[in-house]
Amino acid sequence: MFDLEPGDELELLVETARRFAADELAPHAREFEAARSPNDRARAAYAEIGLAALELPAALGGAGLGALARALVNEELGAGDAGSALALDPLGAALYPLLELGGEDALREFALPVCEAGAGRAALVTAGDAELEIEGERLSGRVAWVPADGVELLVVLARDGAVVVREGIHAEPLPGSGLRAAGAAELRLRGAPIAARWSDAAGAGRALARARLYVASLIVGVLRQASDFSRGYALERVAFGRPIAHHQALAFLIVDMHSAVDGARLLLHEAAWRVDRSLACEAPAAAAFAEAVEASRFVGPNGVQILGGHGFMRDYPAEKYMREASALGLGLGGIGAAREAAGQALCAGGVPVSLSHGEPA
């Protein structure tokens, strides 16, 4: 028997994140999209809760919690507004190469200044997401898109290590489609000095796994909200004398959408459980990310389709959910790289994901 309950401490954390998302993010999502940023009230509330320091070590003033806690919190924030969730978290997934490769010294030198900068932002890109070239101790090239209008700290993650840049990062704002509340920019670097460099394939693999779980948890939150909203609409919309949700074809579709979200969540929690117990997590995290992106391709468009023509109107959030989920799946090498990582583990005799453990997933 599996106990999937998060426990009292995590349940309280999840409830706090849920209330924050419901009170401060969801009601103002369109406003934040237009402004390309959450407002000062949302920032103050986020800082007061302390969600930015969720995974920082206690020695650095953080909560010292792990990947499962982040996955649970991110699902709630993603359900409120994924773009705002990214904008409010100063480090985001850039935390993980610093944590896994550089340790507390790197966090103290690079992470804490960004956290203390108020609206400062760090960004993580993988080598496959950018056109970058290292020349000695300098980095040049471009990153076509990051969900931020400006970046104070750029972490570039490769298979065998990572480099950190905090000077010479030039951001060119882009219009943006999904995640508009986070902003959007193209980054250009011309001989930007490398502030730190680490070579550690194992650490880089764990950092990428944790980054994929960070993004996958936001996707699950968006898809949960998309499924719930379209179901509610289908229960209220009447056609041929009864709610459209009572028509068999649509009822089956709604069930399939919720099943897709639940399946993605289970893989996500299993992979996060493995991270927190220092077990092999690269393939399970890749599988969880790939499943979340696959679910987004099913749930997002069908959520719009259930609303018919209304689904494409800004009066309803269905189109926003589809945009958000699609944009989240573009980074970290995308679904192709995640499938390759999970598939290689499977072909090598490993099992990407297994719920065969006798402890909570």
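Everything numeric here is computed off the predicted structure, so don't read it as measured data.
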If only atom types and distance count, is the side chain of Arg138 paired as donor or acceptor with the main-chain N or O of Arg190 below 3.5 Å? no

Among side-chain atoms of Ser37 and Arg43, is any donor-acceptor pair under 3.5 angstrom? yes

Step by step, would you call Lys320 with Glu33 a side chain to side chain contact (heavy atoms under 4.5 Å, CB included)? CA-CA 10 Å; Lys320 182 178 187 300; Glu33 274 197 320; 3.6 Å; yes

Any donor-acceptor pair under 3.5 Å linking the side chain of Ser230 with the backbone of Ile306? no

Provide the closest heavy-atom pair for Ala283 versus Ala342 in the form atom of the first, atom of the second, distance. O-CB, 4.1 Å

For the residue pair Ala286 and Ala341, what are the closest heavy atoms and their distance? CB-CB, 3.8 Å

Inspect the surroundings of CZ in Arg159 and state if more than 12 heavy atoms from other residues, nucleotides or ligands are less than 6.0 Å away. no

Just so I know, are the side chains of Leu208 and Thr126 near enough to count as touching, which here means a heavy-atom distance under 4.5 Å? yes

Quick test of your reading of the model: are Arg19 and Glu24 salt-bridged, counting only N-O distances below 4.0 Å? no

Regarding Arg142 and Glu186, does a basic nitrogen lie under 4.0 Å from an acidic carboxylate oxygen? yes

How many angstroms lie between atom CG of Leu187 and atom CG of Leu154, to the nearest 0.5 angstrom? 6.0 Å

Sequence neighbours excluded, the answer for side chain to side chain contact (heavy atoms under 4.5 Å, CB included) partners of Ala79 is Arg224, Gln225

Taking the side chain as every heavy atom from C-beta outward, state whether Val163 and Leu157 have any atom pair closer than 4.5 Å. no

Flag yes if Val151 and Leu189 sit in one hydrophobic cluster, no otherwise; membership is Ile, Leu, Val, Met, Phe, Trp, Tyr, and two members link when side-chain heavy atoms are under 4.5 Å apart. yes

Do the rings of Phe20 and Tyr46 sit parallel, tilted or perpendicular, given the 30° and 60° boundaries? tilted

Examine distances only and state if a side-chain atom of Ser326 and a backbone atom of Arg323 form a donor-acceptor pair shorter than 3.5 Å. no

Tell me whether the count of non-hydrogen atoms from other residues, nucleotides or ligands lying under 6.0 Å of CD in Gln305 goes above 12. no

Are Leu218 and Phe289 connected in a single hydrophobic cluster, I mean Ile/Leu/Val/Met/Phe/Trp/Tyr linked by side-chain heavy atoms less than 4.5 Å apart? yes

Atom CG of Leu112 and atom CG of Leu60: how far apart are they, to the nearest 0.5 Å? 5.5 Å

Holding to salt bridge (charged side-chain N to carboxylate O under 4.0 Å, His left out), I want the full list of residues that pass it with Glu167, two or more places apart in sequence or in another chain. none

Checking the side chain of Asp200 only, and the main-chain atoms of Gly203 only, is there a donor and an acceptor separated by less than 3.5 Å? yes

Main-chain N/O of Ala67 paired with Asp276 side-chain donor or acceptor, under 3.5 Å: yes

Partners meeting side chain to side chain donor-acceptor pair (under 3.5 Å) with His246 (sequence neighbours left out): none

Hey, does Leu98 have a side-chain heavy atom less than 4.5 Å from the side chain of Leu153? yes

How long is the straight-line distance from OG of Ser140 back to CD of Glu133, given to the nearest 0.5 Å? 7.0 Å

Side-chain (Asn74) to main-chain (Tyr214) donor-acceptor, under 3.5 angstrom: yes

Please tell me whether Leu88 and Leu95 are part of a single hydrophobic cluster in this structure, the criterion being side-chain heavy atoms less than 4.5 Å apart. no

Of Asp228, Leu266, Ile219, Val220, the residue whose pairing with Val261 passes side-chain contact (heavy atoms from CB on, under 4.5 Å): Val220

Is Gln248 atom CD crowded by more than 12 heavy atoms from other residues, nucleotides or ligands, each under 6.0 Å away? no

Using only atom types and a distance under 3.5 Å, with no angle test, would you say the side chain of Arg36 pairs donor to acceptor with the backbone of Ala184? yes

If you group Ile, Leu, Val, Met, Phe, Trp and Tyr by side-chain heavy-atom gaps below 4.5 Å, do Val304 and Ile254 land in one group? no

Going from CG on Leu101 to OG on Ser199, what distance comes out if it is rounded to the nearest 0.5 angstrom? 9.0 Å

Which residues satisfy the side chain to side chain donor-acceptor pair (under 3.5 Å) test with Glu15, sequence neighbours excluded? Arg18

Do the side chains of His247 and Arg242 get nearer than 4.5 Å, heavy atoms only? yes

CG (Leu56) and CG (Leu99) are apart, to the nearest 0.5 Å, by 8.0 Å

For the pair Val215 and Leu332, evaluate side chain to side chain contact (heavy atoms under 4.5 Å, CB included) and give the outcome as yes or no after the intermediate values. CA-CA 9 Å; Val215 176; Leu332 304 177; 3.8 Å; yes

Does a sphere of radius 6.0 Å around CD in Glu48 hold more than 12 heavy atoms from other residues, nucleotides or ligands, not counting ones at 6.0 Å or beyond? no

Output yes when a side-chain donor or acceptor of Glu152 lies under 3.5 Å from a complementary backbone atom of Arg121, and no otherwise. yes

Separation of Arg274 CZ from Glu282 CD (nearest 0.5 Å): 9.5 Å

Can you list the steps and then say if Arg188 with Glu172 is a salt bridge (Lys or Arg N to Asp or Glu O under 4.0 Å)? CA-CA 8 Å; Arg188 292 190 175 272; Glu172 294 289 336; over 6 Å; no

What's the shortest heavy-atom distance between Pro243 and Ala234, and which atoms? CB-O, 3.7 Å

I'd like to check Glu76 versus Val14 (side-chain heavy atoms, cut-off strictly below 4.5 Å). Are they in contact? yes

Residue pair Arg206 / Val275, side-chain heavy-atom distance below 4.5 Å: yes

Is it true that Arg297 and Glu291 make a salt bridge, defined as a side-chain N closer than 4.0 Å to a carboxylate O? no

Are the side chain of Asp129 and the backbone of Val125 linked by a donor-acceptor contact shorter than 3.5 Å? no

With heavy-atom distances below 4.5 Å as the criterion, would you say the side chains of Trp198 and Glu100 are in contact? no

Run Leu86 and Leu77 through side chain to side chain contact (heavy atoms under 4.5 Å, CB included) and show every step you take. CA-CA 9 Å; Leu86 290 174; Leu77 299 181; over 6 Å; no

Going by ring pair (Phe, Tyr, Trp, His ring centres under 6.0 Å), name the residues that satisfy it together with Phe32, two or more places apart in sequence or in a different chain. His28

Side chain to side chain donor-acceptor pair (under 3.5 Å) contacts touching residues 53-63 (sequence neighbours left out): Glu55-Arg70, Glu55-Tyr96, Glu55-Arg210

Same cluster for Trp145 and Leu124 if Ile/Leu/Val/Met/Phe/Trp/Tyr side chains link at under 4.5 Å? yes

For Leu72 and His269: C-alpha separation, side-chain torsions, deciding distance, then whether side chain to side chain contact (heavy atoms under 4.5 Å, CB included) applies. CA-CA 8 Å; Leu72 293 169; His269 288 184; 3.7 Å; yes

Taking atom CG of Asp315 as the centre, report whether more than 12 heavy atoms of other residues, nucleotides or ligands fall under 6.0 Å from it. yes

So, do Asp89 and Leu51 sit near enough that their side-chain heavy atoms are less than 4.5 Å apart? no

